[in-house]
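Since the structure comes first, as structure tokens, the remarks are kept for the end.
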There are 2 protein chains.
Amino acid sequence: MSDEHGPQGRATMQHVATLAGVSLKTVSRVVNGEPGVSDELAARVRDAVQRLGYRHNLAASNLRRGRRTASIGVLVQDLGNDYCAELLRAVEARARTRGVVVISASLDEEPEREHELVTGLVERRIDGLILMPATDDQGYLMPEVHAGLAVVVVDRAPRGIALDAVVSDNRAGAANAVRHLSSFGHRRIGFLGDDPVIPTASERLVGYREALADLGLPEDAGLVRTAVRSEAEVGAAVREMLALPDPPTALFTARNVLTVGAVRALRDLTVRHAVALVGFDDFPTADLLDPGVTCVKQAVLTEGELAIDLLLSRMDGHQGPVRSEVVPTTLVPRGSGEIRPG
Amino acid sequence: MSDEHGPQGRATMQHVATLAGVSLKTVSRVVNGEPGVSDELAARVRDAVQRLGYRHNLAASNLRRGRRTASIGVLVQDLGNDYCAELLRAVEARARTRGVVVISASLDEEPEREHELVTGLVERRIDGLILMPATDDQGYLMPEVHAGLAVVVVDRAPRGIALDAVVSDNRAGAANAVRHLSSFGHRRIGFLGDDPVIPTASERLVGYREALADLGLPEDAGLVRTAVRSEAEVGAAVREMLALPDPPTALFTARNVLTVGAVRALRDLTVRHAVALVGFDDFPTADLLDPGVTCVKQAVLTEGELAIDLLLSRMDGHQGPVRSEVVPTTLVPRGSGEIRPG
DNA sequence: TTGTAAGCGTTATCAC
DNA sequence: GTGATAACGCTTACAA
């Protein structure tokens with residue numbers, strides 16, 4: 001509460017020891033709650049700690065102990081995205097119970113950032129890493145894993161290296177969306193997705209195609225738009241697709257941002273009750289829109305919990321072979337996906 | 001890429017030096033890009049670094065250098081909330097340009113967690129802290145600030161200590177919402193807000209009351225509901241309020257989660273086009289709902305940038321008096337706030 | 001250009 | 001019980 005020391009710099013154990021009139025080691029014992037210190041000295045030490053505003057220096061402590069830093073990194077594409085934010089929350093909750101702090105950052109699909117951030121985190125000696133990769137090869141992590149870094153990849157399957165992973169069943173989820181639309185009579189279903197270099201985007205496209213093939217529906221190249229990145233771009237894509245001579249009667253959007261953009265476009269075109277829509281990845285107000293937006297919901301909470309559990313087990317020394325969890329999705333019908341062709 | 005060392009433990013500079021056949025100091029020079037090392041030795045060192053998978057240990061480096069850790073903490077209420085997530089993104093973007101990593105966590109309005117997390121971060125010797133307080137007194141930060149920790153408080157004014165702060169103009173924003181509704185003929189405007197121990201909640205309530213007084217409208221205790229915490233609770237509150245003998249013709253919800261809950265309730269009651277609604281704090285699909293939801297929008301990006309700029313300036317040694325930024329809000333009319341009384 | 005010594009704040013070892 | 005001393009991995013002086 002007081003200020004025995006200057007406005008700059010922290011008191012060290014030595015300062016505390018001097019003020020308390022004891023040795024450095026005694027302070028260390030008190031601070032670490034080790035037994036074998038008389039009540040009187042312990043009290044003197046605690047008093048000095050208070051007066052100096054002493055705070056234990058974990059960096060120095062870990063350096064000497066050779067212990068872990070009790071910190072993990074979580075690298076996702078965009079902390080502003082609901083999927084990523086929820087994932088982080090799930091990880092954080094579980095990490096806190098272990099006294100582990102979470103260093104998080106967004107990659108924005110930039111491989112460069114992934115490299116930079118991983119380097120920064122490794123130099124800070126994080127104990128574990130949960131990664132939603134922006135690179136198309138995570139082989140560069142090999143030395144880190146070898147040196148004892150625990151790594152779990154989420155949302156996208158790891159490439160170029162065998163790592164524990166947690167992913168949604170993207171193919172099955174996408175295929176299910178198409179089958180759902182087909183069951184309501186649609187035969188011309190448009191696909192709007194991200195750049196297929198992003199594994200989830202390509203998996204969802206594969207699922208779309210598989211379902212079309214299964215259903216005996218022809219694939220029309222004009223109804224497939226990939227590399228649609230933003231809400232603005234998806235609006236233009238929807239407009240173009242619906243202006244085709246033989247337009248689709250239903251749309252499947254492969255990411256939540258694209259779904260919202262498509263809803264906006266359909267509303268502007270006043271066809272929101274005429275063109276069916278199913279989106280991959282849920283979003284908070286999907287049920288409040290008119291019509292409600294039918295979504296393929298990912299079990300984000302489950303994925304986050306699986307990821308942190310896998311990570312913690314590795315951090316605890318688990319040495320077994322790589323584990324891969326594929327988490328099923330659920331289709332939530334809300335109206336937009338149950339519109340019949342006009 | 002190779003594994004000269006075991007699956008546990010990291011190579012140190014000494015290992016590199018031995019393998020390269022040079023002194024420890026030479027390795028240090030190469031790793032830190034200091035001049036004055038012959039090309040040949042530098043190459044030998046780099047080769048050894050590669051082979052051993054050596055990574056610079058920032059903790060040890062900082063310990064000796066007495067330098068900063070190039071890390072900051074960001075403690076918000078809920079990383080899943082759009083306001084918090086956007087704030088974090090803004091902070092993160094700016095921090096990255098300075099090589100500063102961000103350790104983030106959610107407090108969920110629990111003072112205990114704030115204390116725990118701050119302690120953990122201080123023990124890790126973060127250079128700065130951006131805090132959305134869950135405590136009603138941040139005086140406990142005094143010794144940390146004194147010891148050189150840079151702190152900026154966001155969203156809620158600091159209490160019990162003078163700190164740099166960035167807050168929305170909650171009173172003016174709330175008052176503006178009420179005036180807006182009044183200008184459309186409403187005289188009975190319901191208030192739904194959080195627990196008034198939360199400063200933003202009480203400020204918004206004050207703004208509501210001030211506007212009523214200014215407009216010469218009577219305040220009806222039955223139209224004011226505080227301590228509404230969740231989406232579920234707000235639904236019940238809306239139902240009760242609208243069941244009153246003399247129900248409100250308009251609602252003002254003081255937080256985005258409550259706004260969404262109110263929209264859901266109004267829809268379920270099939271009065272969404274009959275009862276006006278203005279919400280404090282914008283949310284992503286507010287324009288897509290039917291009617292669009294009129295919101296008092298906070299300049300989150302601006303707030304985040306101001307916060308990190310204030311923090312960085314303190315971290316750079318700025319010693320001036322405490323600065324307090326009050327960021328204006330904007331009312332965005334979208335339909336729900338322009339409904340006239342029935 | 002390269003290497004040696006000491007020390008950053010802490011803890012482990014082993015004496016007193 | 002308590003305290004000297006060395007050491008963790010690194011960088012700053014200062015020599016060579």
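Naming: A, B, ... by sequence-line order, numbering from 1 per chain.
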Can you see if the side chain of [X] gets near the phosphate of [N] - specifically, an N or O under 4.0 Å from OP1 or OP2?
| X | N | answer |
| --- | --- | --- |
| B:Ser61 | D:dT11 | yes |
| B:Ser23 | C:dG3 | yes |
| B:His56 | D:dT11 | yes |
| A:Thr26 | D:dT2 | no |
| B:Ser38 | C:dT2 | yes |

Q) Donor-acceptor pair, A:Ser61 side chain versus A:Asn57 backbone, under 3.5 Å? A) no

(Q) Under a 3.5 Å distance rule, please check whether A:Asn32 uses its side chain to pair with a backbone N or O of A:Glu34 as donor and acceptor. (A) no

Quick one: [X] [atom1] to [N] [atom2], roughly how many Å, whole number?
| X | N | atom1 | atom2 | answer |
| --- | --- | --- | --- | --- |
| A:Leu24 | C:dC8 | CG | P | 11 Å |
| B:Lys25 | D:dG9 | NZ | C1' | 13 Å |
| A:Arg10 | C:dG9 | CZ | P | 12 Å |
| B:Glu40 | C:dT2 | CD | C1' | 13 Å |
| A:Arg29 | D:dT2 | CZ | C1' | 6 Å |
| A:Asn32 | C:dG9 | CG | C1' | 12 Å |
| B:Arg44 | C:dT1 | CZ | P | 16 Å |
| A:Met13 | D:dA4 | CE | C1' | 16 Å |

Q: Tell me what B:Gly36 touches on the nucleic acid: a base, only sugar-phosphate, or nothing, going by heavy atoms under 4.0 Å.
A: base

Q. Step by step, would you call B:Leu131 with B:Val152 a side chain to side chain contact (heavy atoms under 4.5 Å, CB included)?
A. CA-CA 6 Å; B:Leu131 176 66; B:Val152 173; over 6 Å; no

Q: Look at the side chain of A:Arg64 against the base of C:dT10 and say whether a donor-acceptor pair falls under 3.5 Å; ignore hydrogens and angles.
A: no

Q) Taking NZ, NE, NH1 and NH2 as the nitrogens, is one of them in B:Arg96 or A:Glu116 under 4.0 Å from a carboxylate oxygen of the other? A) no

Q | Given D:dG9, D:dT2, D:dC10, the nucleotide with the shortest approach to the side chain of B:Leu63 | A | D:dG9

Q: When you get a sec, tell me which of D:dC10, D:dT12, C:dT10 is the closest nucleotide to the side chain of B:Asn57?
A: D:dC10

Q: To the nearest 0.5 angstrom, please state how far the CZ atom of B:Arg314 sits from the CG atom of B:Asp309.
A: 13.0 Å

Q. On DNA chain D, nearest-nucleotide positions of A:Val37 versus B:Glu34: which is more 5'?
A. A:Val37

